[in-house]
Amino acid sequence: MSYLLKLKPQYRLQLGILILILSVISFFVIWNYETGFFGGFIAGGLLGIGLGLIVTYKKQ
């Protein structure tokens, strides 16, 4: 995660929004298909990373 925090704030915000979109898609897949623990783990990880990048967007 420290590598992601070294990115410029503009790129960090864009990457955070992109990862959040991917997590919404993965939650949609989980909702429609039985993916089990692994699918939920991936979706939760994407959600955490995406929110973390958006929240720390202006950190210097």
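Count residues from 1 along the sequence.
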Hphob cluster co-occupancy, Ile54 + Ile21, side-chain heavy atoms under 4.5 angstrom: yes
Nearest heavy-atom neighbours spanning Phe27 and Gly44: CZ-N, 4.4 Å
Same apolar cluster: Leu46 and Phe28, side chain cutoff 4.5 Å: no
Same apolar cluster: Leu51 and Ile30, side chain cutoff 4.5 Å: yes
Shortest non-hydrogen contact between Ser23 and Ala43, atoms and distance: CB-O, 4.1 Å
Validation row: Leu20, Val24 side chains within 4.5 angstrom (heavy atoms): no
Within one Ile-Leu-Val-Met-Phe-Trp-Tyr cluster: Leu47 and Ile17, side-chain cutoff 4.5 Å: yes
